[in-house]
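What follows is a single structure, written as structure tokens, with notes after it.
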Amino acid sequence: MFPVLKDRRKQLAGTLSGGEQQMLAIGRALMAKPKLLLLGRTEYGARPSDRQRNITLDSRMRDKYGLTVLLVEQNARSALKIANTGYVLETGRIMLEGPAEDLLMNRDVQRAYLGRDLDAGFQ
């Protein structure tokens with residue numbers, strides 16, 4: 001699942017980059033065969049290609065291991081694209097919840113969190 005770690009398997013964990021340490025922590029968690037995995041910000045790298053890879057990885061963990069993944073992510077569009085259910089929090093309170101696809105199509109969510117305004121013709 002984390003090919004970069006294969007190249008680093010003889011390296012001490014503390015000498016890995018921050019992103020590699022995150023991958024290692026998730027790999028160790030998966031070895032325990034959990035039913036629920038709680039993930040905070042999943043961007044192991046800053047490049048767009050890294051972010052897309054991580055989104056794909058999150059959905060693969062869910063599908064391959066049958067996990068429930070609770071993902072806390074500020075990139076609402078990316079998170080809702082892979083989620084089954086979404087919760088929109090504002091100042092610590094749940095403002096909206098429902099199927100992720102419905103939240104992606106919700107005008108208020110699009111305006112406030114996805115950078116889209118349907119009235120202005122942006123899709």
Side-chain angles (χ1 to χ4, degrees):
M1 184 166 280
F2 301 108
V4 70
L5 293 181
K6 183 177 182 183
D7 298 335
R8 310 250 193 291
R9 67 182 171 267
K10 294 184 182 200
Q11 192 172 332
L12 295 174
T15 65
L16 298 172
S17 72
E20 291 165 347
Q21 288 181 25
Q22 291 292 335
M23 291 180 228
L24 180 61
I26 291 172
R28 290 182 65 185
L30 290 173
M31 289 172 45
K33 298 184 175 149
K35 293 182 182 186
L36 171 68
L37 189 61
L38 307 175
L39 293 177
R41 195 163 169 81
T42 59
E43 296 177 10
Y44 314 120
R47 295 179 307 207
S49 61
D50 289 339
R51 286 192 295 271
Q52 184 55 49
R53 176 181 51 88
N54 298 328
I55 291 163
T56 301
L57 176 64
D58 294 341
S59 61
R60 275 189 28 218
M61 283 190 292
R62 180 194 64 207
D63 298 341
K64 182 176 181 176
Y65 297 105
L67 287 172
T68 296
V69 178
L70 176 61
L71 172 63
V72 177
E73 176 59 64
Q74 292 199 12
N75 185 330
R77 180 178 290 112
S78 297
L80 289 172
K81 283 182 179 180
I82 65 166
N84 295 325
T85 304
Y87 298 86
V88 176
L89 301 175
E90 192 171 304
T91 61
R93 294 184 184 189
I94 296 174
M95 303 307 285
L96 289 169
E97 65 180 282
E101 188 174 310
D102 292 352
L103 292 176
L104 273 170
M105 299 307 297
N106 181 293
R107 290 169 98 69
D108 294 329
V109 172
Q110 289 178 358
R111 281 188 193 109
Y113 303 102
L114 303 179
R116 288 194 230 165
D117 186 344
L118 294 180
D119 294 333
F122 296 106
Q123 292 290 330

Assigning hydrophobic clusters by single linkage (Ile, Leu, Val, Met, Phe, Trp, Tyr; side-chain heavy-atom cutoff under 4.5 Å), is Tyr113 placed with Tyr87?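 Unlinked, Tyr113 and Tyr87 end up in two clusters.
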Go through the steps for Ile82 and Leu71 under the test side chain to side chain contact (heavy atoms under 4.5 Å, CB included), then give the verdict. CA-CA 10 Å; Ile82 65 166; Leu71 172 63; 4.1 Å; yes
[X] side, atom [atom1]; [Y] side, atom [atom2] - distance, nearest 0.5 Å:
X: Leu39; Y: Ile26; atom1: CG; atom2: CD1; result: 5.0 Å
X: Leu24; Y: Arg8; atom1: CG; atom2: CZ; result: 12.0 Å
X: Glu97; Y: Met95; atom1: CD; atom2: CE; result: 12.0 Å
X: Gln21; Y: Leu5; atom1: CD; atom2: CG; result: 10.5 Å

Begin with the C-alpha distance, continue with both residues' side-chain angles, and end with the deciding distance and a verdict on side chain to side chain contact (heavy atoms under 4.5 Å, CB included) for Leu67 and Leu30. CA-CA 10 Å; Leu67 287 172; Leu30 290 173; 3.5 Å; yes
Measuring only between side-chain heavy atoms, which start at C-beta, is Val88 closer than 4.5 Å to Asp108?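 They are not in contact (no side-chain heavy atoms under 4.5 Å apart), so the answer is no.
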What's the shortest heavy-atom distance between [X] and [Y], and which atoms?
X: Leu104; Y: Gln110; value: O-NE2, 2.6 Å
X: Gly98; Y: Leu103; value: O-CD1, 3.9 Å
X: Phe2; Y: Gly27; value: CE1-N, 3.9 Å
X: Ala83; Y: Ala100; value: O-CB, 3.2 Å
X: Gly86; Y: Leu80; value: CA-CD2, 4.1 Å
X: Thr15; Y: Leu12; value: OG1-O, 2.7 Å

For the backbone of Lys6 and the side chain of Arg9, can you confirm whether one donor and one acceptor N or O come within less than 3.5 Å of each other?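 Confirmed, Arg9 side chain pairs with Lys6 backbone.
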Above 12 or not: heavy atoms from other molecules or residues under 6.0 Å from CD of Glu101?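 Not more than 12 within 6.0 Å, no.
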